[in-house]
Protein chains: 2
Amino acid sequence: MEEIIELLQTKGYKMTPQRRAVIKALFDCGQFPTAQDILDYAKKINPDMGIDTIYRNLNLLTEIGVLNQITIKGRDVSVFEIASKHHHHLICLACGKMECLDYCPIMADSEKIAQEKNFKIMGHNLEIYGYCAACQAG
Amino acid sequence: MEEIIELLQTKGYKMTPQRRAVIKALFDCGQFPTAQDILDYAKKINPDMGIDTIYRNLNLLTEIGVLNQITIKGRDVSVFEIASKHHHHLICLACGKMECLDYCPIMADSEKIAQEKNFKIMGHNLEIYGYCAACQAG
DNA sequence: CTCACTGCAAAGGCTTTGCAGATTC
DNA sequence: GAATCTGCAAAGCCTTTGCAGTGAG
């Protein structure tokens, strides 16, 4: 949390109570908050916050690489997570729960893919859909 | 095209001129049409068509598995393609062009992933972002 | 003191929905 | 004839944007 604040200051961004509230929310809101989740939490700290400020800050943090923005197929909202080691997600079709998956099957094959098509790979997006342990049992 | 019409009829859906126009558009509109592209084309056949009919039919066709609906990160529209052999897409960050990629790196590893997390995989979603041959050259 | 940030309110854009009338089968 | 399908219009929803005022550095 402190590193993020420092990074913002280094880059010349100002530290407002609202911005601080957003950052705190990212750590306290659970793993994959939506903009609305962040707002709900941030309002406890700063009741006057608007959703637009949330979006502005989430977008800023995404731009500077602090956050990942994740779009889930068939859902109309983005969720966010603090960017760390490259990974992907398992998404349960029944309960919607998301789990992180450290393993990345793309890395190993990227060279091959790139050569075949003369395509220069810069990144990728992978979500795996299925049923989590709990929902298989239930 | 005929197979799709037959499938719809088998399932009890009615065949209207509008629906036929949508299906024809899917074959004639190029590879990754948006709802709007389909509308533009379908209007040539049936000028009175509304965008809502397009969406209703695209959603129907997606539900019965005839179409894939693809959501591209950072873009706000869905594109559609006729579902065929399982594959993924290379998406150019410069020009937005999409190419199909027959190779699927997930299949090979799915067993492993499933076991690790006790997660039952039903499907996945992969897009690879980078620069196409033309844009690398330009 | 200056420039960035916030809140408000409104717009934007894609997609969906309610409804009454028209059409398939 | 019954049920689906269409067009219209409007709403819904998430997200973005313009603007004037506020606040950080």
Side-chain angles (χ1 to χ4, degrees), chain A residues 4-25 32-43 45-64 66-80 96, chain B residues 4-25 32-43 45-64 66-80 96:
Chain A
I4 295 178
I5 293 174
E6 278 169 31
L7 176 62
L8 284 168
Q9 288 172 333
T10 302
K11 288 185 178 271
Y13 296 106
K14 296 180 177 174
M15 194 48 48
T16 62
Q18 293 90 334
R19 182 160 288 163
R20 206 179 291 272
V22 169
I23 296 170
K24 182 150 176 40
F32 301 107
T34 63
Q36 188 62 49
D37 293 335
I38 302 284
L39 177 62
D40 294 343
Y41 184 94
K43 271 193 164 167
I45 304 174
N46 193 330
D48 293 337
M49 294 204 56
I51 188 73
D52 35 321
T53 298
I54 304 294
Y55 278 110
R56 274 189 279 238
N57 279 294
L58 291 177
N59 287 347
L60 172 62
L61 292 168
T62 302
E63 272 169 33
I64 66 174
V66 168
L67 288 185
N68 295 330
Q69 179 172 8
I70 307 168
T71 307
I72 303 169
K73 198 169 190 159
R75 260 186 265 177
D76 38 2
V77 293
S78 290
V79 302
F80 294 84
Chain B
I4 295 178
I5 293 173
E6 277 169 33
L7 177 61
L8 283 168
Q9 289 172 332
T10 303
K11 288 186 178 271
Y13 295 106
K14 296 179 178 174
M15 194 49 46
T16 63
Q18 293 92 335
R19 181 161 288 162
R20 207 179 291 271
V22 169
I23 295 170
K24 182 151 177 38
F32 301 108
T34 63
Q36 188 62 50
D37 293 335
I38 302 286
L39 176 62
D40 294 344
Y41 184 94
K43 271 192 166 170
I45 304 174
N46 193 331
D48 293 336
M49 293 204 59
I51 189 72
D52 36 325
T53 299
I54 304 294
Y55 277 111
R56 275 189 278 237
N57 279 293
L58 291 178
N59 288 347
L60 171 62
L61 291 169
T62 301
E63 273 168 32
I64 66 175
V66 168
L67 288 184
N68 296 331
Q69 177 171 10
I70 307 168
T71 307
I72 303 168
K73 200 169 189 160
R75 260 186 266 176
D76 38 2
V77 294
S78 290
V79 301
F80 294 84

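In what follows, chains carry the letters A, B, and so on, assigned in the order in which the sequence lines appear, proteins first and then strands, with residues in each chain numbered from 1. FYI, side chains are in, hydrogens and waters are out, and symmetry mates aren't considered; it's all heavy atoms of this structure.
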Taking only side-chain nitrogens and oxygens of [X], does any of them come within less than 4.0 Å of OP1 or OP2 of [N]?
{"X": "T16(A)", "N": "dA4(C)", "answer": "no"}
{"X": "N59(B)", "N": "dT15(C)", "answer": "no"}
{"X": "Q18(B)", "N": "dT23(C)", "answer": "no"}
{"X": "T53(A)", "N": "dG7(C)", "answer": "yes"}

Can you tell which of [options] lies closest to the side chain of [X]?
{"X": "R19(B)", "options": "dT15(D), dT6(D), dG25(D)", "answer": "dT6(D)"}
{"X": "V77(A)", "options": "dC14(D), dG25(D), dC25(C)", "answer": "dC14(D)"}
{"X": "R56(B)", "options": "dC8(D), dC8(C), dG25(D)", "answer": "dC8(D)"}
{"X": "K14(B)", "options": "dT4(D), dG25(D), dT16(C)", "answer": "dT4(D)"}
{"X": "A35(A)", "options": "dT15(D), dT6(C), dC5(D)", "answer": "dT15(D)"}

Next item on the list: Report yes or no: does R75(B) contribute a side-chain atom to a donor-acceptor pair with the main-chain N or O of G96(B) at less than 3.5 Å?
Entry: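 Confirmed, R75(B) side chain pairs with G96(B) backbone.
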
Notebook entry, point to check: For M15(B) and Y13(A), take the nucleotide of DNA chain C holding the closest heavy atom to each; which residue's nucleotide lies nearer the 5' end?
Noted result: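 With M15(B) and Y13(A) compared, the 5'-side residue is Y13(A).
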
Note to self: Heavy-atom nearest nucleotide on DNA chain C for N46(A) versus Y55(B): which residue maps closer to 5'?
What the structure shows: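 Nearest-nucleotide comparison on DNA chain C picks N46(A).
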
Item checked: Nearest-0.5 Å distance, CD1 of residue I38(A) to CZ of residue F80(A) -> 8.0 Å

Next item on the list: Return yes if the base of dC8(D) and the side-chain atoms of D52(B) contain a donor-acceptor N/O pair under 3.5 Å, otherwise no.
Entry: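 Pair found.
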
Checklist line | No-H, no-angle donor-acceptor pair, N57(A) side chain to dC5(C) base, under 3.5 Å | finding: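 Not at all, since no donor on one side and acceptor on the other fall under 3.5 Å apart.
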
Note to self: Rounded to whole Å, how long is the line connecting atom CD of Q69(B) with atom C1' of dC14(C)?
What the structure shows: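 Computing the Q69(B):CD to dC14(C):C1' distance gives 11 Å.
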
